[in-house]
Amino acid sequence: MRRFLHLLRQIATAPRAWQDSLRALLVLGAAEAAAAAGAAHPVAQSPWGKTSDGAVDIYTLTNVHGVEARIATYGATLVSLKAPDRNGQLKNIVLGFDSLEPYLKGVPYYGATVGRYANRIAKARFTLDGKDYQLAANDGPNTLHGGRRGFDKRIWKAEPLSAAQGNGVRFTYVSAAGEEGFPGELTVHALYRLDDQDNLEIEYTATTTAATPLNLANHAYFNLTGDPSVSVLDHMVTLNADRFTPVDATLIPTGELRAVEGTPFDFRTAHTIGSRIEAPDEQLRRGHGYDHNWVLNKPAPGMSLAAIVTEPRTGRSLEVRTTQPGVQFYTGNFMDGKPVEAGGSGFAHRTGLCLETQHFPDSPNQPSFPSTVLRPGKTFAEKTVLSLRVLK
Ligand code: GLA
């Protein structure tokens, strides 16, 4: 203590420049210590608007390379993700809007967390444990992405992670029993975490009070050029899948797991999206392009590679790993470029591509597909990691 006081006195009488340097040193030391403790980039929170349900906030995660992810409590939506190109230039690579308003006008799930059942349920109904359930048909005869007001249109609670848990935010939504016709009160968490190796992790966990189908996915539309007016047809895509689930005319899987070999669905080696999207193929015609679920090759349970996307001009590359069994690869076929105010998608045709890691569509009606039923006492857990890379 005496030595400490002595030092303090010395500093107090030291020349001004020395005092300044010392102060700078102390600040730097504190920052380094915080970095070591994992709190180098405090999570920023700001108000983002209001809906009839209440206030919406937006959270910003950043890392040492300037990678930045912004996530809104409305839909636990990934609003933007800044990624470096091969010259280190940071640009936003997910389609989204600067303000909340367009999201409230019913845009096609940009960056949103979709549920309670991501993707389609045939004829808006299913039977579980001998009981029939009727849902809203919001996509022709089918239910799409949870119904009229899925998880993408709800305000989630948010809580920044502790320094020990990493650089991220945990979003929570409690979906009431009977909401959109689904049984059981479901408590669902969506956790976003960004590390200094440029990996953005999205983890879903959930518990329920009664058995329910559950399928959760993030619906980000990527455009690695960083320019949302440019088509994604020149992006190169690799999908780690030997099979896909062909669909009927309403985009419901027929139940077949079809080999991709010899079809425009073979992305086991990198192909540009545009190279085969216009091929005379019944499945491409039904999807108006690619809008299908690929059955991921899973050498072992746990995380495995789902997809790699590269954009040759900027050198931006995205690797997707997941615990989920499938990925819906959607090439923005329904995007129309009309203004959001006029009921349009706001972005032009095929200016975004989606890699919705998920369970297979219509699993509740497809006994041969992996089960999507969550029962009380069990915890649902699925994780996807988006890794931002650059080509040399
Ligand atoms: C999913 C579906 C598509 C489309 C988009 C939203 O990707 O599979 O058919 O509905 O969502 O427009």
Undergrad: Can a salt bridge be assigned to the pair R125 and D132 using a cut-off of 4.0 Å between side-chain N and carboxylate O?
TA: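 Answer for the salt bridge query: no.
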Undergrad: F171 pairs by ring-ring contact (aromatic ring centres under 6.0 Å, His included) with which of Y192, F151, W156, Y204?
TA: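 Of the listed residues Y192, F151, W156, Y204, the ring-ring contact (aromatic ring centres under 6.0 Å, His included) partner of F171 is Y192.
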Undergrad: Consider side chain to side chain contact (heavy atoms under 4.5 Å, CB included). Of L104, T73, T77, which one does V56 pass it with?
TA: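 Only match with V56 under side chain to side chain contact (heavy atoms under 4.5 Å, CB included): T73.
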Undergrad: If you count the non-hydrogen atoms of other residues, nucleotides and ligands that lie under 6.0 Å from CZ in R286, is the total more than 12?
TA: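 More than 12 within 6.0 Å, yes.
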Undergrad: Let me see the working for Y110 and Y103 under ring pair (Phe, Tyr, Trp, His ring centres under 6.0 Å), right down to the final yes or no.
TA: CA-CA 8 Å; Y110 293 122; Y103 293 92; 7.3 Å; no
Undergrad: For residues F265 and F329, establish whether the separation of their ring centroids is below 6.0 Å.
TA: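 That pair fails the under 6.0 Å test.
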Undergrad: Stepwise, does the side-chain hydrogen bond (donor to acceptor under 3.5 Å, both in side chains) test hold for D362 with N365?
TA: CA-CA 6 Å; D362 196 35; N365 295 307; 2.8 Å; yes
Undergrad: Closest approach of L355 and V327, non-hydrogen atoms and distance?
TA: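 Looking at all heavy atoms of both residues, the closest pair is C-CG2, 3.7 Å.
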Undergrad: Check whether F267 forms a cation-pi arrangement with R276 (NZ or CZ under 6.0 Å from the six-membered ring centre, at most 45° off the ring normal).
TA: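 Judged by the rule (NZ or CZ under 6.0 Å from the ring centre, within 45° of its axis), R276 counts as positioned above F267.
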Undergrad: Considering the options V237, L388, L200, which one meets the side chain to side chain contact (heavy atoms under 4.5 Å, CB included) requirement together with L318?
TA: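 When V237, L388, L200 are each tested with L318, the side chain to side chain contact (heavy atoms under 4.5 Å, CB included) holds only for L388.
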Undergrad: Is the distance from the ring center of H219 to that of Y221 below 6.0 Å?
TA: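 So the answer is yes for these two rings.
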Undergrad: Is any NZ, NE, NH1 or NH2 atom of the basic residue among E278 and R350 found under 4.0 Å from an Asp or Glu carboxylate oxygen of the other?
TA: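 A salt bridge links E278 with R350.
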Undergrad: One thing to verify: whether E256 and R243 come together as a salt bridge, which I'm taking to mean a side-chain N less than 4.0 angstrom from a carboxylate O.
TA: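 Here R243 does not pair with E256 in a salt bridge, since their nearest N and O are not under 4.0 Å apart.
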Undergrad: Determine, for E319 against R321, whether the closest basic-nitrogen to carboxylate-oxygen distance falls under 4.0 angstrom.
TA: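 Here E319 pairs with R321 in a salt bridge, since their nearest N and O are under 4.0 Å apart.
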